[in-house]
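Input: a single structure, listed below in structure tokens.
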Number of protein chains: 4
Amino acid sequence: MSLTARNRVFELPLRVYWEDTDAGGIVFYANYLKFFERARTEWLRSLGVHQQALREATGGIFVVSETSVRYHRPARLDDDLRVSAALQSAGRASLTFVQQARLAPAGATDGATDDTGEPLCEGTIRVGWVDAATMRPARMPPHILEILK
Amino acid sequence: MSLTARNRVFELPLRVYWEDTDAGGIVFYANYLKFFERARTEWLRSLGVHQQALREATGGIFVVSETSVRYHRPARLDDDLRVSAALQSAGRASLTFVQQARLAPAGATDGATDDTGEPLCEGTIRVGWVDAATMRPARMPPHILEILK
Amino acid sequence: MSLTARNRVFELPLRVYWEDTDAGGIVFYANYLKFFERARTEWLRSLGVHQQALREATGGIFVVSETSVRYHRPARLDDDLRVSAALQSAGRASLTFVQQARLAPAGATDGATDDTGEPLCEGTIRVGWVDAATMRPARMPPHILEILK
Amino acid sequence: MSLTARNRVFELPLRVYWEDTDAGGIVFYANYLKFFERARTEWLRSLGVHQQALREATGGIFVVSETSVRYHRPARLDDDLRVSAALQSAGRASLTFVQQARLAPAGATDGATDDTGEPLCEGTIRVGWVDAATMRPARMPPHILEILK
């Protein structure tokens, strides 16, 4: 599974609801971090990694240690998004992801369409593995590293 | 479409992410209002009603005017929920919904299971139709009432 | 402290930020539950009850078990609110609060003013005391009950 | 006001509530973007700039175009934070801020104390001025630039 799993770009469909918007009429920028996390979570789930079960088994959790996001164009209520997650690098105690949010391709749904294909928003997210009790960095469980390699 | 549309219980599958939880280790109670709204929105979408398009066409939006929610058991990270929306009554200017959040039935997914079938949380939500510019109550567009009847 | 503490209406000043609003240009209704909780938390703090310290000392936490909220008029970005919390009843395992959000009185600040004095939003919130490990109802620590009586 | 206003570090006191935390028992990382925005908003307010009034007067709003945040140590429920905002640079259509969140100094309150003085979290936030109707970049109103210079 290694090369395929590691190199493919995972993509999560995601709808914009009222809760995601702000008084500017657009998605509140901090919420893209939530969208990105949903995509990373579903990418992990697609590899058989369930974070709650993993915590119960190992006592460890992933925490975000660094984010860098650029916002190009706004998304709006009812927009149909595609949020990607691609693993850029994996160390013993951290993972780095490149992520994007785009409008769904024209015709993909009944909703918004995108004629440019350019991302609305893109970012680099670094997550570390920590002991949940102490929040101190720890080595990722070997079987997780194995799945990601 | 009337009787079927109006009387059936619409159900939205929904995953619990980190963003939904709080330091109690459970879903933050205010977030069930978000879950309920996602279900109402998808129910409307399933009837062909898109709120953003509707606003652009009519100048009106739905706003929540009353909520009543009881919390029975907590949901946790990674739980696989089913959130329902059923129209209880429809007036000229408002709609009342009965809604529930449950764990997905055992075996439905790879995730959480529910051996009781009882709701985690249930509520009654009243939404009014208002002029988006003034936020004053208004009569719902006739074609919307027609769809809901 | 009993009668004074129990019967007085606690009031928290609170500003509306972008994060609180939605594409309707108003405060997203679910966020009033956050505002109400901030007021309950500061009311408890004013009585010397710090929830994180209390959890570490007793293993218990407050969880919301029931909410009932009516929304009368919307708040907007930059509005200066006053959010109240008044204890309505206290049992061995639960507390019931009556809460309101209002605009600050005219002249109170440089911001929004309220010429009516009527609440934007009001609700009744019931919170139970539970064992944080099991989430099962438990008896409130006696010294807490003593403070609230 | 120019040099003082521009160069001083503005600091906002801020309490961590249940709504800010996640199941890791710490402040959910995306919420620091909310904290940073509250600090920028209050910094603007301290200079006499009210965003809602500004929008009504000019038709323009600030939108975030780029964020870069590093998370060093977690904050927890009830922590008493100090969130800073310092203007790093100001152009005709955008502002760049350097921001930090720290624990309040020991003895500052009844709550959390910080023996190191190091930031929990720090970031660089770039905001642009746009026409609210089109979301396209626009020149900042001259009197705003004047205040910031």
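To find a chain, count down the sequence lines: A is the first, B the second, and so on, and within it residues start at 1.
Contact count versus chain B (heavy atoms, under 4.5 Å) is highest, among C:Ile61, C:Asp22, C:Val63, C:Ile26, for C:Ile26. Across C:Ser65, C:Gly128, C:Cys121, C:Ser68, the residue that shares the most heavy-atom pairs under 4.5 angstrom with chain B is C:Ser65.
Heavy-atom distances place the side chain of C:Phe28, and not its backbone, under 4.5 Å from chain B. Only the side chain of C:Arg76 comes within contact range of chain B, with at least one heavy atom under 4.5 Å from a heavy atom of that chain. Neither the backbone nor the side chain of B:Arg126 comes within contact range of chain C; no heavy atoms are under 4.5 Å apart.
Of all non-hydrogen atoms in B:Ala23 and C:Arg55, the two that sit nearest each other are O-NH1, 2.9 Å. Residues B:Leu33 and C:Tyr29 approach most closely at O-OH, 3.5 Å, considering heavy atoms. Residue B:Gly24 comes nearest to C:Met135 through the heavy atom pair O-CE, 3.1 Å, listed as atom of the first residue, atom of the second, then distance.
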